Q: 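Next up is a structure, given as structure tokens.
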Amino acid sequence: MPELPEVEGAARYLDAHIAGRTLRAVAWLHPSLQRGTALHADALVGQRVERVRRVAKWQEILFVDGAVMVVHFRMTGDWAVTTRATAPTYARAHFTFSGGRHLWLVDPRALSRIEVRQPGVLSSNVRVGPDALDPALDADSLRARLSTRRIPIKQALLDQSVVAGIGNIYAAEALWKARIHPAAPASQLSRARVARLLDGVRWTMGLALAQMGRHQYGTATDRFSVYDREGEPCPTCGTRIARITQGQRSTYFCRRCQRS
DNA sequence: TATGGCCTGTGG
DNA sequence: CCACAGGCCATA
């Protein structure tokens, strides 16, 4: 569920809690996490965390000896840190760290994924495009990346190999901000429109990041302009916000402000 | 490029 | 009961 800003917030939160600490124990609390990952995790016990960083929508927990635990929250993952060993509701994995810190992967749908990499071992590589907030990504390069995609712009934004970090909410928000119709063919956007879109992506994610100071998402729906607001007035023009389905996902937009 | 599946929960 | 959920992967 988390997109770039939420994952960034989660990674910072995690870094603040476990950087410098030593992993003491690992337990998998859901069968979906027990396939494959459990074996390698044992090797991490006894090792110290160097830091935690975000890569696209992944979090990488870097250990001082070079091992890496990679976590993807998918739709509903989140962290909880406690000082007691009592599992929160929907806890799917349990990590005990030195200093009496307990880290829980909390995920009602249990779609989160965890991989462990040893130094020098490359994981099954996922192709990800440039980070949405990468300053090196400009309108021309984004337009070039979109130019071959024969799909609607909304769906292209969700494709992590085009740009990394955007999800269903911020795709809708950015398109609204940029006044671009979500069904517009990705390959046919003018340079000016792509520039506006990139601004929209950064504006909407920058806002979210600023609010993210303290790793919380899921509550305030009022921070969105169109997402999950079908039938409510567009903040710009008052037109009722529409919902359509694109690639099995809901898209919210304003028919008046966002034209093809 | 489009689809079903992964999982479980919530709300209409 | 059904639709839908801030994601991604394997498959056709």
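Throughout, protein chains are lettered first and strands after them, A, B, ... in sequence-line order, and every chain is numbered starting at 1. All values reported here derive from a predicted model rather than from experimental measurement.
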Q: For A:Y170 and C:dG7, give me the distance from atom OH to atom C1', rounded to whole Å.
A: 15 Å

Q: Nearest 0.5 Å, please: how far is OG1 in A:T96 from CZ in A:R101?
A: 12.5 Å

Q: Quick one: is C:dC8 close enough that its OP1 or OP2 comes under 4.0 Å of any side-chain N or O from A:R113?
A: no

Q: Mind calculating the distance between CG (A:L105) and P (B:dC7) to the nearest angstrom?
A: 14 Å

Q: Please report, rounded to the nearest Å, how far the P atom of C:dA5 is from the CG atom of A:D228.
A: 8 Å

Q: Tell me: NE2 of A:H30 to C1' of B:dG9, nearest whole Å?
A: 12 Å

Q: Take atom CG of A:D107 and atom P of B:dG9, then tell me their distance rounded to the nearest Å.
A: 11 Å

Q: What nucleic acid atoms does A:I151 come within less than 4.0 Å of, heavy atoms only: base, sugar-phosphate, or nothing?
A: sugar-phosphate

Q: Does C:dC9 have OP1 or OP2 under 4.0 Å away from a side-chain N or O of A:H72?
A: no

Q: In whole Å, what separates the C1' atom of C:dC1 from that of B:dC6?
A: 22 Å

Q: Compare the minimum distances between each of C:dC8, C:dC4, B:dT1 and the side chain of A:K57, then state the nucleotide with the smallest one.
A: C:dC8

Q: Would one find a side-chain N or O of A:R109 under 4.0 angstrom from OP1 or OP2 of B:dC6?
A: no

Q: Give me the distance, rounded to whole Å, that separates C:dT11 from B:dC7 when you measure between the P atoms they each carry.
A: 15 Å

Q: At their closest point, which heavy atom of A:L105 faces which heavy atom of A:S112, and how far apart are they?
A: CD2-CB, 3.8 Å

Q: Would you write out the dot-bracket form of DNA chain C, 5' to 3', with Watson-Crick and G-U pairs under 3.5 Å, [ ] for crossing pairs, | for pairs to other strands and . for unpaired bases?
A: |||||.||||||

Q: Where the side chain of A:L111 is defined as all heavy atoms beyond and including C-beta, which of B:dT8, C:dG7, C:dC4 is the nearest nucleotide?
A: C:dG7

Q: Any idea which of B:dT1, B:dC7, C:dA5 is nearest the A:R149 side chain?
A: B:dT1

Q: Could you tell me how far apart A:L158 (CG) and B:dT3 (P) are, to the nearest whole angstrom?
A: 15 Å

Q: Within the pair A:S250 and C:dC4, is there a side-chain N or O less than 4.0 Å away from OP1 or OP2?
A: no

Q: Looking only at the side chains, is there a donor atom on one of A:W203 and A:E173 sitting less than 3.5 Å from an acceptor on the other?
A: no

Q: Could you check if a side-chain atom of A:V7 sits within less than 4.5 angstrom of a side-chain atom of A:Q59, using non-hydrogen atoms only?
A: yes

Q: If you define the side chain from C-beta out and look only at heavy atoms, does anything of A:L133 sit under 4.5 Å from A:L209?
A: yes

Q: Between the side chains of A:R243 and A:S250, does any donor sit under 3.5 Å from an acceptor?
A: yes

Q: Is A:E60 paired with A:R117 through a side-chain N to carboxylate O contact shorter than 4.0 Å?
A: yes

Q: In whole angstrom, what separates A:E3's CD from C:dG7's C1'?
A: 10 Å

Q: Which nucleotide, B:dA2, B:dT8, C:dG7, lies nearest any side-chain atom of A:Y90?
A: B:dT8

Q: A:R249 CZ to B:dT3 C1': how many Å, rounded?
A: 14 Å

Q: Measure from the side chain of A:Q248, starting at C-beta and using heavy atoms only, and say which of B:dG4, C:dC8, B:dC7 lies closest.
A: B:dG4

Q: Reckon A:Q160 has a side-chain N or O less than 4.0 Å from the OP1 or OP2 of C:dC8?
A: yes

Q: side-chain contact (heavy atoms from CB on, under 4.5 Å) between A:F63 and A:L44: does it pass, once the steps are laid out?
A: CA-CA 8 Å; A:F63 289 83; A:L44 300 176; 3.9 Å; yes

